2 protein chains.
Amino acid sequence: MKPKPIEWQGETLILLDQRALPLREEYLHCRHSREVREAISVLAVRGAPAIGVAAAYGMVLLFDELSGKSPVAHAEYAQAAEYLVAARPTAVNLQWAVAKMLDVYRDLPHRDVAEDRNLLVRAAQGIERDDQNLNERIGTYGASLFDTPQRVLTHCNAGALATAGIGTALGVVRKMQEAGHLAHVYMDETRPLLQGSRLTAYEMCREGIPCTLICDNMAATVMAQQRVDVVIVGADRIALNGDTANKIGTYGLAILAKYHQIPFYIAAPSTTFDFTLQQGSDIIIEERAPEEVRQIGTQAIAPPDVAVYNPAFDVTPGELVTGIITEEGVLYPPFYDNILEFKKKVNS
Amino acid sequence: MKPKPIEWQGETLILLDQRALPLREEYLHCRHSREVREAISVLAVRGAPAIGVAAAYGMVLLFDELSGKSPVAHAEYAQAAEYLVAARPTAVNLQWAVAKMLDVYRDLPHRDVAEDRNLLVRAAQGIERDDQNLNERIGTYGASLFDTPQRVLTHCNAGALATAGIGTALGVVRKMQEAGHLAHVYMDETRPLLQGSRLTAYEMCREGIPCTLICDNMAATVMAQQRVDVVIVGADRIALNGDTANKIGTYGLAILAKYHQIPFYIAAPSTTFDFTLQQGSDIIIEERAPEEVRQIGTQAIAPPDVAVYNPAFDVTPGELVTGIITEEGVLYPPFYDNILEFKKKVNS
């Protein structure tokens, strides 16, 4: 059974604390938008689509904090929301979801706080439901690419834990499994925060999907040994030319796939595209604390004073990407033209 | 000051237990060859040249165990030595050092056990001293490749902790530093056993060499950001065509260096060459326990039942190698011809 990372319970947003996985299933009970921001910031909830859904409910909690007897001014709401957006600078879904909630708020009747709140909750639930549907459609389009059992390599966690549904990259994997076209899943452990070994391995083992865990630096060898037919990963932000920000390590993996002539697919919904960005070099890359590299959990694994470089994401140039699997089908090069077409379709 | 991983004290081989680094400097006191084998097997001592030196002293301890009043038969000594050789299958220096000690033993006077033992100790000390000299010469040849300050990326630990001297790859780094041609060292942490973060970072920090630790999957990004001028790594076994077995992750790094047009050097003494091997595909690759990937230290980081693939080494094809820095100079392609020439030189 797939795990449920996000659950709205009327007054409280319940988040599966992914930092404790796979050893313990602990839940955070967020009753204040500040707690949602903190959960996003520390990666208790993570994955671009899941962050978007959590932020949407966070906007409901924020509304509760601002509203008294009278409706809240839109400008006040928007300003207060900025601190939610700042929790993670790279994932575009976060700012997308907050902007969406602000748009919804602008068009509310503003007669009654309770009525406004209900409509905001409905909007957040719509974002959650939409993400579930997007996952299903991405999975179906992705699985349709293959008509024989494939050995998939994936990086980080673009699964149920990263979304409101079956996942993006792992949504494709699940639909391949349903179709009998999945032979095996290789999972990069994904240092420093080990989303592969902690989260993807947890999801795959839970569902009995045949899988093998490797360290990130073993991917080249697994490819050279012809154990992998296709690489499928998620995304945090995609520019108009197909350049894709995703978890650190994705770019190197794309180079290795190219060298071994293995197709390299991104699986992501339209909400992950940043249609305002011409290219990946414009994407802000979040740098995280050196302790994530110097320690694992609370265990020190390096000299305490050693300098560390810890970018959380990298940018894979569109030229290394075989195709981008979206809810509207698979986009192929030339990406610039085809992503502009895609933009028209999803904005219409 | 560089650390001292191996010290012979007449009856005891003292090994710095590298598993406890960088947090604690603990020493193993080996009085039996079985303890030396165990130290090699669990990676308390590691690095191809250091394993060779430890094994040479282990052969002295083995001699002590076998010899009574009368000299030991060569065949008996050779057979008993096999269990030392089996401790790590990939590092060629291990079998090289054991074979060398057996050769020395064959030519001993065999009049008196004490005399034979003295000559064996001298032979082991000779292997240790030779390795120190090889390191110096490799370092000098390597440093002579550069006449401006370079930013070096290295993988695993091919340093003082991996040898009897200043190291191979890090020997080059140290000589570059002396020559004023070292700008910075980037160090891959090198999962699963973290020789980069634990050992290379320890060596570099100790000596105040400017350095930055990264996770293995960040190397591609560091290269794309033009932070690296050259990659220098060690080796565990080199075939006649230049194919090189080294710590897992080296092969992927070589592909990334090629993609970014960054020179990729191996630094290794002649003892690391296996002149009986035509190509790297003939090299036995040691697979190690899944717990190394599922855990860090004693801390579980993955589902306890997840399948793991854990090759300790990979093979980098000679075509990805810019040059091999040896004690006799730098070897360039075509490797097959030039390594055959090199073989003649070192065997003469």
Side-chain angles (χ1 to χ4, degrees), chain A residues 22-23 155 186-192 194 196-198 201-202 204-206 210-224 227 247-256 258-260 285 290 293-294 296-311 314-315, chain B residues 22-23 155 186-192 194 196-198 201-202 204-206 210-224 227 247-256 258-260 285 290 293-294 296-311 314-315:
Chain A
L23 306 181
H155 188 70
Y186 282 92
M187 309 171 287
D188 285 351
E189 67 174 4
T190 317
R191 278 282 287 151
L194 300 164
S197 53
R198 295 192 303 105
Y202 169 80
M204 297 292 96
C205 288
R206 231 174 122 106
C211 61
T212 300
L213 178 64
I214 59 172
C215 296
D216 300 315
N217 65 24
M218 296 168 187
T221 288
V222 168
M223 289 180 185
R227 293 168 184 246
K247 182 56 55 202
I248 188 74
T250 305
Y251 167 54
L253 205 57
I255 296 169
L256 299 180
K258 183 91 166 184
Y259 183 82
H260 294 95
I285 296 296
V293 176
R294 288 193 208 123
I296 292 186
T298 54
Q299 189 165 347
I301 53 167
D305 51 348
V306 67
V308 165
Y309 178 53
N310 183 20
D314 57 27
V315 177
Chain B
L23 304 182
H155 189 71
Y186 282 92
M187 311 171 286
D188 284 350
E189 66 173 5
T190 317
R191 278 283 285 153
L194 300 164
S197 52
R198 294 192 304 106
Y202 169 81
M204 296 292 97
C205 288
R206 232 173 122 107
C211 61
T212 299
L213 178 63
I214 59 172
C215 296
D216 300 315
N217 65 24
M218 296 168 188
T221 288
V222 168
M223 290 180 183
R227 294 168 183 245
K247 181 56 55 203
I248 188 74
T250 304
Y251 167 54
L253 206 56
I255 296 170
L256 299 180
K258 182 91 165 184
Y259 183 83
H260 295 95
I285 296 298
V293 177
R294 288 193 207 122
I296 292 185
T298 54
Q299 189 166 347
I301 54 168
D305 51 348
V306 68
V308 165
Y309 178 54
N310 184 20
D314 56 27
V315 177

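Source: prediction; values computed, not measured. What you see below is based on every heavy atom in this structure, not just the backbone, and it leaves out hydrogens, waters and symmetry mates. So you know, we letter chains A, B, ... as the sequences are listed, proteins then strands, and number each from 1.
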Cut-off 4.5 Å, heavy atoms of chain A, and the answer for B:V315 is neither
B:V306 and A:C211 have their tightest heavy-atom pair at CG2-SG, 4.3 Å
Most heavy-atom pairs under 4.5 Å with chain A, out of B:R294, B:R227, B:K247, B:R198, belong to B:R227
| task | Check whether any side-chain heavy atom of A:I301 sits under 4.5 Å from a side-chain heavy atom of B:I296, and report yes or no. | result | yes
Honestly, the part of B:Y309 sitting under 4.5 Å from a heavy atom of chain A is both
When rounded to the nearest 0.5 Å, the distance separating OG1 of A:T212 from CG of B:N310 is 12.0 Å
Quiz item: Are any side-chain N or O atoms of A:D314 and backbone N or O atoms of B:M218, one a donor and one an acceptor, separated by less than 3.5 Å?
Solution: no
Heavy-atom closest pair (B:H155 atom, A:N217 atom, distance to 0.1 Å) is CE1-ND2, 4.0 Å
Assert top hit (heavy-atom pairs under 4.5 Å, partner chain B, pool A:T221, A:T190, A:L194) equals A:T221
Of the listed B:T298, B:V293, B:L253, the one with the largest count of heavy-atom pairs under 4.5 Å with chain A is B:V293
Max heavy-atom pairs within cutoff under 4.5 Å with chain A, candidates B:P304, B:P22, B:G252, goes to B:P22
Looking only at A:Y202, A:Y259, A:Y186, the option with the highest number of non-hydrogen pairs under 4.5 Å against chain B is A:Y259
Rounded to the nearest 0.5 Å, the SG atom of A:C215 sits from the CD1 atom of B:I248 at a distance of 8.5 Å
For B:P303 and A:S197, the nearest pair of non-hydrogen atoms, with its separation, is CD-O, 3.1 Å
dist A:I255:CD1 -> B:M223:CE (nearest 0.5 Å) comes out at 8.5 Å
Turns out that what part of B:E189 lies under 4.5 Å from chain A's heavy atoms comes down to side chain
In terms of heavy-atom pairs under 4.5 Å with chain A, the winner among B:A219, B:G196, B:C205 is B:C205
So, the part of B:M204 with a heavy atom under 4.5 Å from chain A: the answer is neither
Minimal heavy-atom distance between B:A302 and A:L23, with the atoms involved, is O-CD2, 4.5 Å
For A:A224, the side chain to side chain contact (heavy atoms under 4.5 Å, CB included) test, sequence neighbours excluded, returns A:H260, B:Y251
